[in-house]
Amino acid sequence: MGVEVPGVPVMELRGVTKVYRMGRVEVPALRGVDLRVAPGESLAICGPSGSGKSTLLHILGMLDRPSAGSFRFEGQAVEGLADRDLSAIRGQRIGFVFQAFHLLPEETALRNVMLPLVYSGAADRRGRAEEALRRVGLEDRAHHRPAELSGGERQRVAIARALVKCPSVILADEPTGNLDSLSGGQVLEIFEGLHAEGMTLVLITHDAAVASRCQGVVRVRDGLLETAGPGAGA
């Protein structure tokens, strides 16, 4: 687990459906989605509200399970794994960045970045967290709490927290949605730098300008891949 094999997608969905049940009513969120995410790819998933793009991201991040279809992560079938095994993969191999940052308000930036390593019991937690903050240009803000940081700085702390685990892939859900254009541009420059270093990135966005800065684009509408860029499966 955790070693990328050349030619093997980081993530691969085949015929994935997701149906939510509300009493006797079934609401389909995804309808037979095929998708491959290659190592080192930068992929944007776009679509209007309610299109299924966030459901797709949750399945890719193993925060939710498909109703049907197959999902492989780094070549391993995961749909039959126990919750604890899915949690272990998420904790070790996937970095998450959310629109709302999800930082602990009482903790410093450094401590927020350290938290994934604290939970996993990793060694050299402080040194790794300081290096992650350096990579996003916030080494001088390490001891500030979220309330003392701008929105763009908070999102950069969140990116550092995702990076500190050395994941296979970063999944970002509307990472510029709460930011002004200047701060959003800085965040996108960080993502572009990570992609240039070989990081695999998947970004959910409704912003065409954000999507245009990714290597591939997949558009989702009514639970279907409506049009697709280089990242789409057959």
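Residue numbers count from 1 along this sequence.
The minimum heavy-atom distance between Leu149 and Ala109, with the atom names listed, is CD1-CB, 4.4 Å. Between Thr108 and His143, the closest heavy-atom pair is CG2-O, 3.7 Å. Residues Ala142 and Leu133 share a closest heavy-atom pair of CB-CD1, 3.8 Å.
Here the rule is side-chain contact (heavy atoms from CB on, under 4.5 Å) with Phe101, and of Asn112, Val157, Asn178, Ile159 only Asn178 fits it.
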*Quick one: do Arg93 and Ser168 satisfy side chain to side chain donor-acceptor pair (under 3.5 Å)? Show the steps, please.*
CA-CA 5 Å; Arg93 308 300 296 158; Ser168 297; 2.3 Å; yes

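Atom CG of Leu35 sits about 9.0 Å away from atom CD of Glu12, to the nearest 0.5 Å. One finds the CG atom of Leu171 at 8.5 Å from the CE atom of Met62 (value rounded to the nearest 0.5 Å). Separation of atoms CD (Glu148) and CZ (Arg141) is listed at 7.5 Å; rounding is to 0.5 Å. In this structure, CG in Leu194 is found 5.5 Å from CD1 in Ile170, a value given to the nearest 0.5 Å.
Distance alone, capped at 3.5 Å, is enough to place a donor-acceptor pair between the Glu79 side chain and the Phe71 backbone. Using modelled atom types, no side-chain atom of Arg72 and backbone atom of Val78 make a donor-acceptor pair closer than 3.5 Å. For Glu153 (side chain) and Ser150 (main-chain N/O), a donor-acceptor pair under 3.5 Å exists by modelled atom type. One N or O on the side chain of Ser212 and one on the backbone of Ala209 form a donor-acceptor pair closer than 3.5 Å. Formation of a donor-acceptor pair under 3.5 Å by the His195 side chain with backbone atoms of Gly40 is found in this model.
Taking 4.5 Å as the limit, every side-chain heavy atom of Val25 sits out of range of all side-chain heavy atoms of Tyr20. Two residues are said to be in side-chain contact when any heavy atoms from C-beta on lie closer than 4.5 Å; Val16 and Lys18 fail this criterion. Side-chain contact check for Glu41 versus Val202: every heavy-atom pair is 4.5 Å or farther apart.
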